[in-house]
Amino acid sequence: MGSGCACRLVCKSSDSRAMNFRTHNCAALRTEDIGKSATLSGWVSSRRDHGGVIFIDLRDREGLTQVVFRPEEYPAVAETAHLLRDEDVILVTGKVAKRLEGTENSKLATGAVEVVAEEMTVLNKADVLPFPLDEKIANEDLRLVHRYLDLRRPTMAANLRLRHRVIKTVRDVLDGEGFWEIETPILSKSTPEGARDFLVPSRLNPGTFYALPQAPQQYKQLLMAAGGEKYFQIARCFRDEDLRADRQPEFTQADIEMSFMTAEDIFALIEKMFVAVFCEAWGVEITTPFCRMTYREAMDRFGSDKPDTRYAQEIVDVGDVFAASEFKVFRGALDGGGVVRALNAKGLAKITTGQIEELTEMAKQFGAKGLAFIKCENGEWKSPIVKFFSEVEKAALQERLQIEEGDLILFGADKREVVCEVLGRVRLRVVEMLGIQHDPRRLDFLWVVDFPLLAWREEEQKWNAVHHPFTRPKAEDIALLEGEKFGEVRAEAYDIVLNGVEIGGGSVRIHEANLQAKMFSVLGVDEAKQAVMFGHLLKAFRFGTPPHGGIALGLDRLVMLLAHAESIRDVIAFPKNNRGVELMTASPSVVDFKQLRELYIASTKKS
RNA sequence: GGAGUCUUAGCUCAAUUGGUUAGAGCGCCGCCCUGUCACGGCGGAGGUUGCGGGUUCGAGCCCCGUAGACUCCGCCA
């Protein structure tokens, strides 16, 4: 932009009243401003009316300033100040004064000074609020209905500011690395794989529908085909599935794709980005490179593909200990090709019978037949199964699991996948029961790599993509794919995990038409369907699409962790509740028959 | 679709084994109060205990149903 650009000609203000709302914000004034005149605008955060002198905490987005009304100096203003109530919006002009000796408030940044009100205008009165803004409130419904009030609370405002700073940092880092921010369509095409789509009927094309994007996946790959080389987008994504504390039907991803890359390029880029983000958000310097672990190792050691490595408890294989055991349950599992593994819940021997039952129920829910355990209390092993163990087995267990007084040992004996899953879930619950408190600033970053490409889906009796259908198989495993050993093929896919929360995932993609077609056919998408659903992509791959890949970061979850928020809803301005309802505007809502008719839509709902 | 927890004043919560008129703090309203910052003092208003049914001499409490919220599983990157 040149120095003589036209924007200088635009008037500074169209306000004909020539009123100045502010000279300072409510966090700005300091002792060096004493004696100056100041004008502040904001909300009445609290009032302390002594009958004579009146104090008001005036709040704006930035902070608090105490305003004092003195009847002996400005009687008319003080008179009207008696009528002020919480959350009235006012404009105050007065002199910045040093607070009286001994009345400074060290809790406020502006606590050494106050503004002595000379003039005051009530810009808007407020009714009595439906809930207090100055304390933690449990009723989330009420907060969501009056979200504009909820967001006035300093913690919520801080969350919004943090979110802004994080997104700004992400943009700056990517811009610095030569990425272009490119928008992709919100009205896009429904595809068979993945989550349920939100649909939008097309008025101009009766009987047809757009889908809101689950992610800009195909568009970003086509941008690589288009020679974009380095793309990103702060992208809204939509998935019509059931919600959770960390899941909304619409959410935001930092969506990234680049050409001529390897996974290492993505790791380096994201690590650089997180260094900048954590510096901005917390002012800390995080250590890179992050740890890496294969999916297989994560499942074996932690029973999870997003292991929380802050906790020392790990799953230990004890199959060799019981190779010739008398205990039929363990022997049966081993003889059937399964495994026997154990988890030492250090210090949890004090567990109640009810809690043991809870763990057992949980184990059953995830496919185990039961949950064997040993409590080490008062120098003996209390357990329904220990009588089946030989002395050699006991000694080996003691050694392998480092068993000490007060420990609780939990066993899984079944197929490997079941044992991993069960002990992984049990591990997280056990950690909760132990009530381990860790440093809230602890950051365990982890790349989980070498995910399986495909997973057998029992309900549909078919193979599904673990990541998505465009993920590249590892070069050394392509023979396995050709040999139809689908369960053994590993993918060039990676997740980034922070403190047991998956905050992003990506992959190197397929860029060859024949390999992509092969992948579709394994997933049960026949050639005719491929042409209709993915013809554009397959065609693009025939016109010189470069090798490419990328990643998507879940921004809401990341900001949630940075804000130490308990729910993703606390870092989204206008979130939806458990049932996808936005309570403030009460959406979704019914629409006129006329609107439906224009869209050629009829509801089948029985009322 | 399934499981669990919860629902009492505007807000946060209490109410012994099923027992008299359902309480407290904050907020609100009124009066008083000239240095507070969770200001203080005095007084006051405010309840269909989510809703419907049942058991009982008697239900906020027990039982059945139902609605809503939240958490989790399934589902979902």
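Naming convention: chains lettered A, B, ... in sequence-line order (proteins, then strands); numbering from 1 in each chain.
Comparing B/A9 with B/C64, their P atoms are spaced 25 Å from each other, to the whole Å. Nucleotides B/C61 and B/G23 place their C1' atoms 16 Å apart, quoted to the nearest Å. Comparing B/U17 with B/G60, their C1' atoms are spaced 15 Å from each other, to the whole Å. A distance of about 15 Å separates the C1' atoms of B/A59 and B/U48, rounded to the whole Å. B/C26 and B/G68 have their C1' atoms separated by 26 Å, given to the nearest Å. Nucleotides B/A22 and B/U66, compared at atom C1', are 25 Å apart to the nearest Å.
At a threshold of 4.0 angstrom between heavy atoms, the contacts of A/Asp240 with the nucleic acid are absent. Nucleic acid contact class of A/Asp141 (heavy atoms, under 4.0 Å, all strands): sugar-phosphate only. If you check every strand for non-hydrogen atoms under 4.0 Å, A/Arg143 touches nothing. A/Arg429 comes within contact range of no nucleotide atom at all, as no heavy-atom separation falls under 4.0 Å. In this structure, A/His467 reaches the bases: a heavy-atom distance under 4.0 Å links it to at least one base atom across the strands shown. Here A/Arg196 lies out of heavy-atom contact (under 4.0 Å) with every strand. Contacts of A/Gly194 with the nucleic acid, taken as non-hydrogen atoms under 4.0 Å apart, involve only primed sugar atoms and P, OP1 or OP2.
Closest contact between the side chain of A/Arg99 and the listed nucleotides B/U36, B/C76, B/A38 involves B/U36. In the set B/C33, B/G74, B/U36, B/U36 carries the atom at the smallest distance from any side-chain atom of A/Phe55. When the nucleotides B/U71, B/C76, B/G1 are ranked by their closest atom to the side chain of A/Arg247, B/C76 comes out on top. Candidate nucleotides B/C33, B/A77, B/C37 were compared by shortest atom distance to the side chain of A/Gln253, and B/A77 ranks first.
In this structure the side chain of A/Lys306 never reaches within 4.5 angstrom of the side chain of A/Val448, judged on heavy atoms.
A/Arg85 contributes no side-chain N or O that forms a donor-acceptor pair with the base of B/G27 under 3.5 Å. Side-chain N/O atoms of A/Arg239 and base N/O atoms of B/C76 include no donor-acceptor pair closer than 3.5 Å. Evaluation of atom-type donor-acceptor distances gives a pair under 3.5 Å for the side chain of A/Glu114 against the base of B/G35.
Side chain to side chain, A/Arg472 and A/His467 fail the donor-acceptor criterion of an N or O pair below 3.5 Å. In this model, no donor atom of one side chain and acceptor atom of the other lie less than 3.5 Å apart for A/Glu361 and A/Gln365.
Environment of NZ in A/Lys415: sparse, with no more than 12 heavy atoms of neighbouring residues, nucleotides or ligands closer than 6.0 Å.
Across all their heavy atoms, A/Lys474 and A/Asp450 have their closest contact at NZ-OD1, 2.8 Å.
A donor-acceptor pair under 3.5 Å links the side-chain atoms of A/Arg99 to the main chain of A/Val113, judged by distance alone. Under a 3.5 Å cut-off, the side chain of A/Asp477 and the backbone N or O of A/Arg490 do form a donor-acceptor pair. A/Asp141 places no side-chain N or O within 3.5 Å of a backbone atom of A/Leu144 that could act as its donor or acceptor partner. Within the 3.5 Å criterion, the main-chain N or O of A/Ala28 finds a donor-acceptor partner in the side chain of A/Asn25.
For B/C28, one of the phosphate oxygens OP1 or OP2 lies less than 4.0 angstrom from a side-chain nitrogen or oxygen of A/Arg47. One finds no side-chain N or O of A/Asn578 lying less than 4.0 angstrom from the OP1 or OP2 phosphate oxygen of B/A69.
Between A/Asp308 and A/Arg310, at least one side-chain N (NZ, or NE/NH1/NH2) sits under 4.0 Å from a carboxylate O, which counts as a salt bridge.
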Filtered N/O pairs between nucleotides 42-45 of chain B and protein, under 3.5 Å:
none

**Prompt:** For every nucleotide of nucleotides 3-13 of chain B, 5' to 3': is a protein heavy atom under 4.0 Å from its base (B), only from its sugar-phosphate (S), or from neither (-)?
**Reply:** -------SSS-

